[in-house]
Amino acid sequence: MQAESWQTAEVPGPTKALVITKPEVVVAMVKRAKRPILIVGHEAVDIDAGNEKLIDYTINLAKTAHIPVVATAHIVGEFLKRGFPPAGWMPAVDITNRLRDPEWKGLDGKGRYDVALFTGIPYYMQWILFSTLKHFALNLKTISLDRFYQPNATWSFPNLSVKDWNENLGAILSKLGGE
Amino acid sequence: MAKKALVVKAKELKTDVAVVKDFEVSIGRIIDETWTEPVGPTPFPSITDLREWDFKLLHRYKPMYMPFCDLCCLCTFGKCDLTQEKRGACGLNMAAQQSRIVLLACCIGAATHLGHARHMVEHVIEKFGRRYPLDVGGVNVQLEAPITRLVCGIRPRTLGDLEDVLDYLEDQVTHLLSATHTGQEGSNLDFESKVFHAGMVDHVALEVADIAQIAAYSFPKADPQAPLVELGYGTIDTHKPVIMVVGHNVISSIGIIDYLKENDLYADVEVTGLCCTAHDTTRYSSRAKIVGPISWQLRFIRSGIPDVIVLDEQCIRADTMLEAKKIKAPVIVTSDKNCQGLQNRTNDPADEIVADLVNGKVPGVLILNSEKAGEVASRTALEIAPKRKKLKIVPSVKGIIEAAKKCKLCNDCTRACPEGLPIPEAMREAATGNVQMLADLYETCVGCGRCESACPNDFSIHSFIIATAGNILKEEKFKIQAGRGAIQDVEIRNVGSPIVLGEIPGVVAFVGCANYPHGGKEVAEMCKEFADRRYIIVLSGCSAMSAAMYKDEEGKTLYEKYPGDFDAGGIVNVGSCVANSHIAGAAIKIANIFAKRNLRANYEEIADYIYNRVGAVGVAWGAMSQKAAAIASGCWRLGVPVIVGPHGSKYRRMLLGRKDNEKDWYVYDARTGDRVYVGPVPEHLFYTVETKEEAIVMVAKLCMRANDTSKGRAIKLTHYIDLHKRLYNTMPDDIHLFVRTGADIPITMKEEILDILEKKGWKEGWIPDPTLLPRLIRKRKE
């Protein structure tokens with residue numbers, strides 16, 4: 001399936017993200033991952049995801065699938081307010097820089113991550129951070145959970161309506177055993 | 001100055017035996033040695049002379065590439081796919097290709113400033129002569145050209161002295177650009193070193209351009225009391241003919257003001273400007289007005305207020321001619337770098353040109369003579385204004401509502417918008433008769449017009465936003481301090497010690513363009529935050545304008561509320577883009593005037609001093625241009641970190657430290673030669689943030705330096721922790737990396753921090769006399 005970048009001119013090149021056509025793709029990736037990590041940007045505080053904010057969804061997802069969370073920008077406090085201390089907080093460029101480093105042992109010192117899920121970072125910034133990982137972290141699979149197609153991820157949703165996106169997010173959570 | 005070529009030229013030389021035409025004799029260079037300071041190791045450095053210093057920085061701040069494209073398409077082997085560690089047909093890999101593109105961008109930026117400087121110097125030499133003195137601050141500024149002295153090792157005293165400097169800079173840009181050719185440089189780190197060199201060259205060019213214009217045109221000379229001038233659309237008297245100047249090179253604008261003054265017409269005409277030319281017109285004449293930053297171009301033209309548009313160079317919309325035609329305003333272009341396809345009328349009589357413009361016979365003209373451009377612009381404005389009657393192309397609200405009803409809600413506008421503004425939602429609301437949502441977009445719209453290009457209905461979406469925000473626009477009435485130019489030597493003496501010891505927590509420079517993620521208000525908010533905390537705030541360019549465009553409860557802008565001194569709590573507008581040189585110059589002056597370090601051609605030592613001691617940070621919140629990239633590169637080589645807003649990620653490469661790699665953060669103690677861990681100070685050299693809150697906290701953190709005294713470090717830590725707690729709602733997780741001794745701990749947080757340090761297994765260290773340069777170690781360990 002072909003998909004288009006959400007920002008029209010953000011066209012990459014020959015290597016483009018595989019399209020997540022059904023939520024089972026993400027579920028399988030997460031289940032198969034040995035060391036997944038979830039990176040959440042500041043827009044997650046404002047974006048609605050069904051009846052909750054996207055940040056609340058990421059907390060549910062992280063708890064359900066036992067994925068450590070890195071809060072980027074200044075939103076660690078938002079996680080703490082919700083009683084969920086993230087595994088770490090650091091700038092989006094810093095976590096990207098670490099993820100591309102083959103020597104980095106992760107937040108817990110136990111080794112590299114093999115799957116990185118991203119959401120809530122501004123589209124154009126996320127686009128280019130995915131590009132770093134596409135080119136310089138060849139052993140890392142990246143997944144965009146955002147509503148718009150991110151061509152530099154390994155896997156991304158196509159551009160979805162709010163309704164379809166919410167249904168997909170809900171299905172991912174429930175298939176992983178969450179509510 | 002140190003050396004000078006003696007060149008004798010004669011257009012025609014008649015003797016008894018012959019007539020010689022275009023006679024020219026060059027007698028090499030005469031050493032004019034009156035400056036007793038010894039020449040340092042790198043006078044007029046070549047593109048490799050400072051490579052070792054660059055590599056020291058690049059070892060700490062390894063480039064992280066963010067490819068904007070998977071391909072290289074610069075030669076006919078290509079396009080080459082560089083994904084998955086592939087190499088192109090020339091053998092280049094993606095890392096080298098990205099650094100090559102960064103170098104190209106910085107060469108463009110440096111060449112642009114350099115071209116500007118060359119034009120300025122040639123022009124003022126023609127007007128005032130080579131021997132015209134370079135007075136940029138009278139007795140208050142003895143160190144008139146700190147960057148030039150540092151890089152070139154010469155002390156320019158007159159306008160003519162600047163020509164040697166320009167020769168050197170042009171030579172360097174040529175070499176740097178040649179390195180980007182296919183089959184030249186192959187190492188990304190060497191490309192990066194050349195990027196730093198381009199940045200250094202750029203800083204010298206900025207300085208040359210600005211000190212030449214300050215001296216020649218008597219701009220404010222390092223004046224903390226430079227006049228407050230008017231800024232904003234609402235300050236313009238629309239009953240008068242209005243001349244709109246856009247660009248960066250003020251020469252043609254000065255031609256306009258001079259003509260109006262000489263003919264006693266200045267009170268009858270409004271001279272208004274956008275971008276850096278506007279800054280410099282107000283430095284020349286405090287009666288001139290600033291419309292706003294670069295992003296106000298479209299909205300101001302479409303308002304119909306300008307009767308004549310005068311363009312010089314840089315950051316000018318390429319479609320200005322098209323926009324101007326819509327409001328029947330003639331365009332006068334005045335730069336050989338920006339001719340807009342117009343006929344060169346430089347040698348035609350002014351009467352004929354004015355008649356052709358007023359009668360609409362031609363939409364615009366190219367005039368490469370500033371006096372004539374000034375006369376033509378002034379006379380045309382006066383004659384055409386009654387005919388134009390401020391013809392505007394902004395639609396009525398009723399018309400917008402009707403258009404909105406036809407909107408297909410296809411999303412093409414929002415997908416084209418750099419900010420992803422919710423235009424379709426606003427149009428949906430407008431279709432119901434409520435245009436408030438459209439009006440609300442005004443604050444965050446960067447004025448690029450991409451929404452209109454994308455619209456399948458050809459709606460003038462940007463005009464819809466302007467029209468619905470009409471009242472906001474009319475209320476834009478602000479005061480900004482005219483660019484003051486250099487920092488006085490005495491100011492440096494006063495603040496040198498508290499900056500180097502850390503007691504003034506930092507110098508924060510808000511510079512650069514207006515591609516803001518959420519409008520210019522965030523710039524003003526950040527300035528206020530740090531001014532209230534007694535940092536020194538310096539500004540230039542569009543950022544300096546944006547900072548002026550918000551008022552407090554008493555109706556005062558930052559420039560009315562805070563002093564213009566280079567001192568704790570000061571808000572200092574240095575001026576236009578080229579005035580950025582005074583910001584870098586201030587850091588250099590601290591090393592020279594306060595610390596008595598030799599300046600002359602002593603780049604590495606001075607940069608080492610600044611890097612380890614001067615807590616300065618640049619913030620280019622809306623940086624978009626190649627010039628901004630070059631300016632940032634000059635800061636990196638001096639060891640000054642730069643933060644960019646989220647759009648800055650598109651510069652394709654960050655220079656990031658790794659605070660978790662302890663081995664990266666050792667310096668030499670110059671007293672003993674010991675290697676000492678000093679923590680990640682500053683943590684990054686080039687860094688892009690997501691949010692204003694993140695930027696604020698990072699500014700406070702990046703102001704820390706290895707040399708901070710305990711008192712200074714405690715002050716800096718207090719700000720860092722306080723801001724982190726307020727904006728992140730928690731304590732920082734890296735405090736232990738910045739506490740060297742117990743005395744560094746802020747007294748009011750002692751117990752809390754001691755508890756954290758204990759949990760982190762912190763061990764007390766000591767404060768060295770820090771340097772990265774082994775040659776500066778005074779006594780080596782046995």
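Scope of the values below: all heavy atoms of this structure, side chains included, with no hydrogens, waters or symmetry mates.
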Would you check if the side chain of A:Tyr113 reaches a backbone N or O of A:Leu107 as a donor-acceptor pair within less than 3.5 Å? yes
Is the backbone of B:His518 close enough, under 3.5 Å, to the side chain of B:Thr444 for a donor and an acceptor to pair up by distance? no
Looking only at the aromatic ring of each residue, does the gap between the centers of A:Phe118 and A:Phe130 stay below 6.0 angstrom? yes
Okay, A:Trp127 and chain B: the region with an atom under 4.5 Å from a heavy atom over there is side chain
I'd like to know if the side chain of B:Asn457 and the backbone of B:Phe459 have a donor-acceptor N/O pair within less than 3.5 Å. no
Looking at chain A, which one of B:Lys62, B:Arg658, B:Glu694 has the largest number of heavy-atom pairs inside 4.5 Å, strictly under? B:Arg658
Which of parallel (below 30°), tilted (30 to 60°) and perpendicular (above 60°) describes B:Tyr720 and B:His724? perpendicular
Which residue out of B:Lys659, B:Arg652, B:Lys650, B:Met654 racks up the most heavy-atom pairs below 4.5 Å with chain A? B:Lys650
When you measure from the side chain of B:Tyr651 to the backbone N and O of B:Ser625, does any donor-acceptor pair fall under 3.5 Å? yes
In terms of heavy-atom proximity below 4.5 Å to chain B, should A:Ile128 be classed as side chain, backbone, both, or neither? both
Against chain B, work out which of A:Ile121, A:Val93, A:Val76 has the most heavy-atom pairs shorter than 4.5 Å and name it. A:Val93
Does NZ or CZ of B:Arg653 fall inside the cone over B:Tyr65's six-membered ring, less than 6.0 Å from its centre and within 45° of the axis? no
Give the member of B:Leu656, B:Leu71, B:Asp81 that has the highest number of heavy-atom pairs under 4.5 Å with chain A. B:Leu656
Output the option from A:Asn152, A:Asn159, A:Asp101 having the highest count of non-hydrogen pairs under 4.5 Å with chain B. A:Asp101
Quick one: list whatever passes side-chain contact (heavy atoms from CB on, under 4.5 Å) with A:Lys105, sequence neighbours left out. none
So, B:Glu452 side chain and B:His462 main chain: donor-acceptor pair closer than 3.5 Å or not? yes
If you count heavy-atom pairs under 4.5 Å between each of A:Leu133, A:Ile75, A:Asn97 and chain B, which one has the most? A:Asn97
Against chain B, label A:Arg100 side chain, backbone, both or neither, depending on which of its atoms sit under 4.5 Å from a heavy atom there. side chain
Can you label the angle between the A:Tyr123 ring and the A:Phe148 ring as parallel, tilted or perpendicular, going by 30° and 60°? perpendicular
Is there a donor-acceptor pair under 3.5 Å between the side chain of A:Thr142 and the backbone N or O of A:Thr154? yes
Below 4.5 Å from any heavy atom of chain B, which atoms of A:Glu10 appear? Answer side chain, backbone, both or neither. side chain
Portion of A:Thr96 that has a non-hydrogen atom of chain B nearer than 4.5 angstrom: both
Who passes side-chain contact (heavy atoms from CB on, under 4.5 Å) against B:Pro418, sequence neighbours left out? B:Val446, B:Cys448, B:Arg450, B:His647
Should we say atom CZ of A:Arg32 is surrounded by more than 12 heavy atoms from elsewhere, each under 6.0 Å from it? no
Whether the side chain of A:Ser144 engages the backbone of A:Asp146 through a donor-acceptor N/O pair (distance < 3.5 Å, no angle test) should be reported. yes
To the nearest 0.5 Å, atom CD1 of B:Ile423 lies from atom CG of B:Asn411 at 10.0 Å
Side chain from CB out, backbone as N, CA, C, O: work out which of these in A:Leu129 comes under 4.5 Å of a heavy atom of chain B, or both, or neither. side chain
Under 4.5 Å from any heavy atom of chain A, what part of B:Glu683 do you find: side chain, backbone, both or neither? side chain
Under 30°, 30 to 60°, or over 60°: which ring-plane class applies to B:Trp636 and B:Phe686, parallel, tilted or perpendicular? tilted
Within residues 40-64 of chain A, which residues come under 4.5 Å of chain B, heavy atom to heavy atom? A:Gly41, A:His42
Looking only at A:Gly77, A:Ala92, A:Pro122, most heavy-atom pairs under 4.5 Å shared with chain B are made by A:Gly77
Relative to chain A, which segment of B:Ala95 carries a heavy atom at a distance below 4.5 Å: side chain, backbone, both, or neither? both
Kindly give the heavy-atom pair with the smallest separation between B:Gly657 and B:His684, and that separation in Å. N-ND1, 3.1 Å
Chain A contact via B:Ile696 - which portion, at a heavy-atom distance below 4.5 Å: neither
Which residue out of A:Met125, A:Lys81, A:Glu78, A:Lys134 racks up the most heavy-atom pairs below 4.5 Å with chain B? A:Met125
For chain A, which residues from residues 83-91 of chain B lie under 4.5 Å away (heavy-atom distances)? B:Thr83, B:Gln84, B:Glu85
Does a donor on one side chain and an acceptor on the other come within less than 3.5 Å for B:Thr691 and A:His74? yes
B:Asp660, part contacting chain A, at a heavy-atom distance under 4.5 Å: both
